[in-house]
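Since the model is a prediction, treat every value here as computed from it, not as a measurement. Letters go in sequence order (proteins before strands), and every chain restarts at 1. Just so it is clear, the values below take in all heavy atoms, side chains as well, and ignore hydrogens, waters and symmetry mates.
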2 protein chains.
Amino acid sequence: MRRMPTVKDVAEQAGVSVGTVSRVLAGEAAVKPALREKVTDAIAALGYRPNVTARALRTSKTDVIGLIVPDITNPFFAQMAASIESAAMQRKHTVMLASSHNDPEAERHHISAFLDRSVCGIIVAASSQGPHLPGDLPIPIISLDRRFADFPLVSTNHAQAASLMADHLYGLGHRRIAYIAGPPDTEVGRLRQQGFVDRLRRLGETGEAVDLTIYPGKFDYESGEMIAREVLSLAPDKRPTAIAAASDQQAIGALRAASDLKIDVPRELSIAGFDDISLAKLVVPRLTTVCQPVEKLAMRAVALLFGGSFTAKDEMIDGSLIARGSTAPRCD
Amino acid sequence: MRRMPTVKDVAEQAGVSVGTVSRVLAGEAAVKPALREKVTDAIAALGYRPNVTARALRTSKTDVIGLIVPDITNPFFAQMAASIESAAMQRKHTVMLASSHNDPEAERHHISAFLDRSVCGIIVAASSQGPHLPGDLPIPIISLDRRFADFPLVSTNHAQAASLMADHLYGLGHRRIAYIAGPPDTEVGRLRQQGFVDRLRRLGETGEAVDLTIYPGKFDYESGEMIAREVLSLAPDKRPTAIAAASDQQAIGALRAASDLKIDVPRELSIAGFDDISLAKLVVPRLTTVCQPVEKLAMRAVALLFGGSFTAKDEMIDGSLIARGSTAPRCD
DNA sequence: CTGAAAGCGCTTACAG
DNA sequence: CTGAAAGCGCTTACAG
């Protein structure tokens with residue numbers, strides 16, 4: 001195992017000082033072309049690669065962005081992680097990805113680990129309200145999708161997006177609707193529910209009233225399936241004609257429940273999700289859902305990080321409705 | 001933004017030398033209890049945290065494991081990543097996750113990035129054959145699920161697992177079978193196909209022969225859907241009574257195609273996957289598949305890394321068949 | 001424009 | 001058992 005070449009080796013080979021080597025590495029203009037060339041030649045000859053650890057120690061800066069998601073096995077966050085990585089790559093940065101398994105403890109741990117490694121910034125899709133971090137952090141932190149502590153948030157305009165679904169279902173004639181909500185202790189859960197409920201109420205004030213029942217759950221498949229099973233066990237004339245869910249995973253779980261109970265979707269029951277994960281267009285029937293602008297969210301989050309501003313403002317990006325086969329006009 | 005306390009600060013506060021501080025940090029037995037206590041007190045009082053970068057520079061070692069997967073949006077690898085992280089955590093190690101987007105170039109880039117950061121080991125689920133890495137690497141590399149270069153591989157016994165599916169389908173009476181294979185340029189694709197084909201041939205030799213057609217594709221949803229659409233466009237008496245796929249994603253795509261073509265699964269057509277991703281039990285009908293022992297694979301890969309042995313042998317772990325609703329006896 | 005030197009925060013022989 | 005000192009590989013004032 002050969003020792004890796006260092007700036008010193010390069011300097012010797014090129015017949016200059018290490019300072020000069022460092023300067024051409026940094027791309028400083030102020031190096032005479034003749035020397036610069038000698039250095040670059042030496043670098044090539046030796047196969048020199050800068051030691052990022054030494055550089056980090058010296059400058060206490062790196063080119064890595066820390067990313068924390070609540071659960072990497074959640075397709076939405078997997079997609080998000082991929083998009084963040086692309087956005088970072090475009091700026092020649094690397095991302096370190098950590099999954100908190102929805103555990104605030106793990107989340108805290110990962111934040112510390114990132115801080116310890118002097119990442120240049122952290123993006124976190126929170127699984128908790130976030131602890132009270134010291135106000136004088138050395139690096140910027142951005143909340144993504146789910147707010148972490150009181151750091152600036154880049155997210156879909158959940159309320160707006162959810163209201164789109166309310167419009168859609170109401171427009172199809174549904175008046176008895178069940179809403180499978182996200183965890184009430186998450187901002188995104190509350191926002192989506194609120195956007196959905198408010199719009200439906202507004203609609204009900206000027207038109208036919210809506211019979212809406214809310215069932216809080218978690219964002220995963222299991223939760224959606226369980227809740228739907230309960231909801232759909234009501235007598236046919238009591239049960240909702242449409243179920244809206246706070247996530248695609250819940251909606252897919254609901255699809256599963258409907259199938260088990262031999263309830264035809266969308267003929268007897270409309271089901272809608274939220275997120276537009278890649279699976280949404282593959283389930284049978286294809287899922288009507290709200291599309292979160294994942295790429296845009298990722299771009300903006302990374303941009304905010306580079307803005308360096310510790311006083312960035314929240315950014316909300318509108319979602320859009322994707323009508324597919326799982327919703328249809330009410331038919332009774 | 002306050003300066004972080006260093007060993008020097010701790011040493012002063014405790015009235016000892018930095019060497020001593022470093023020794024209690026390392027948990028060395030050879031420090032007098034009295035001093036040790038002073039140091040730990042000082043650490044607590046100052047809220048001292050070791051600078052991992054400095055430590056890494058000095059020792060050229062860290063407690064981070066680099067993990068590279070071909071595609072984090074593939075649920076199987078997302079699950080794998082989560083399992084690796086747990087396994088690493090149990091050993092007080094951190095994992096840096098990178099996704100190569102099935103791009104050998106990106107894969108190479110990530111390997112270098114990890115090497116540059118002196119991770120203590122790399123686990124890679126390859127998206128390419130792997131480049132010719134210098135033989136004298138400073139750290140161990142383990143291939144997971146898909147072999148990378150010629151590094152030791154921890155994987156499911158793909159051939160054995162695939163043969164289970166052959167048994168299952170043959171046992172149900174299917175004699176006209178389509179196999180949606182993985183990319184022929186991947187070892188795992190070849191292995192699964194081979195295990196499946198060989199077993200079916202063996203079965204055909206002693207019993208009724210099987211009419212088997214192979215369709216190579218990628219491992220994703222789209223590929224499965226496209227191929228199935230083609231296969232199922234054959235006349236009913238020519239088309240297969242069962243489709244086996246090399247991945248759950250392909251199988252779910254096939255399910256989608258069957259549904260579009262109004263072919264009832266499993267009454268008219270059996271469909272089976274491979275991986276047992278969490279989604280497999282949620283689609284309609286629930287997917288019969290082969291379960292890869294993800295947790296075990298993750299544990300073994302991490303264990304091998306810690307074995308430190310650069311001469312680790314390949315390890316194969318048996319898969320198991322999970323029969324669910326998407327397969328049924330042939331009925332004609 | 002370039003070199004000599006200090007220093008980032010640790011760990012670890014080397015003495016004692 | 002403990003301290004003083006060297007050194008990991010860089011970057012960056014400071015002179016010149």
B/Glu295 atom CD: more than 12 heavy-atom contacts under 6.0 Å | no
Inter- and intrachain pairs under ring pair (Phe, Tyr, Trp, His ring centres under 6.0 Å), touching residues 100-119 of chain B, at least two apart | none
Is any side-chain heavy atom of A/Leu297 less than 4.5 Å from a side-chain heavy atom of A/Met80?
-> yes
Spell out protein contact along nucleotides 6-16 of chain D as letters: B when the base is contacted, S when just the sugar-phosphate is, - when no protein heavy atom is under 4.0 Å; keep the 5' to 3' order.
-> BBBBBBBB---
Do the side-chain N and O atoms of B/Gln79 and A/Thr73 include a donor-acceptor pair separated by under 3.5 angstrom?
-> no
Please assess A/Met96 against B/Leu97 for the test side-chain contact (heavy atoms from CB on, under 4.5 Å), listing each intermediate value before the final yes or no.
-> CA-CA 6 Å; A/Met96 267 187 81; B/Leu97 172 57; over 6 Å; no
Is there a donor-acceptor pair closer than 3.5 Å between any side-chain N or O of A/Thr62 and the backbone N or O of A/Ser118?
-> yes
Run the numbers on A/Arg108 and A/Glu105 for salt bridge (Lys or Arg N to Asp or Glu O under 4.0 Å), then give the verdict.
-> CA-CA 5 Å; A/Arg108 249 193 310 277; A/Glu105 178 64 35; 3.1 Å; yes
Runs of at least three consecutive pairs that involve DNA chain D, where pairs are Watson-Crick or G-U with distances under 3.5 Å | C:1-3 with D:14-16, C:5-12 with D:5-12, C:14-16 with D:1-3
Between P of C/dC1 and CG of A/Leu35, the distance in whole Å | 11 Å
In plain terms, say whether A/Lys92 and A/Asp63 are close enough for a salt bridge, that is, a side-chain N and a carboxylate O under 4.0 Å apart.
-> no
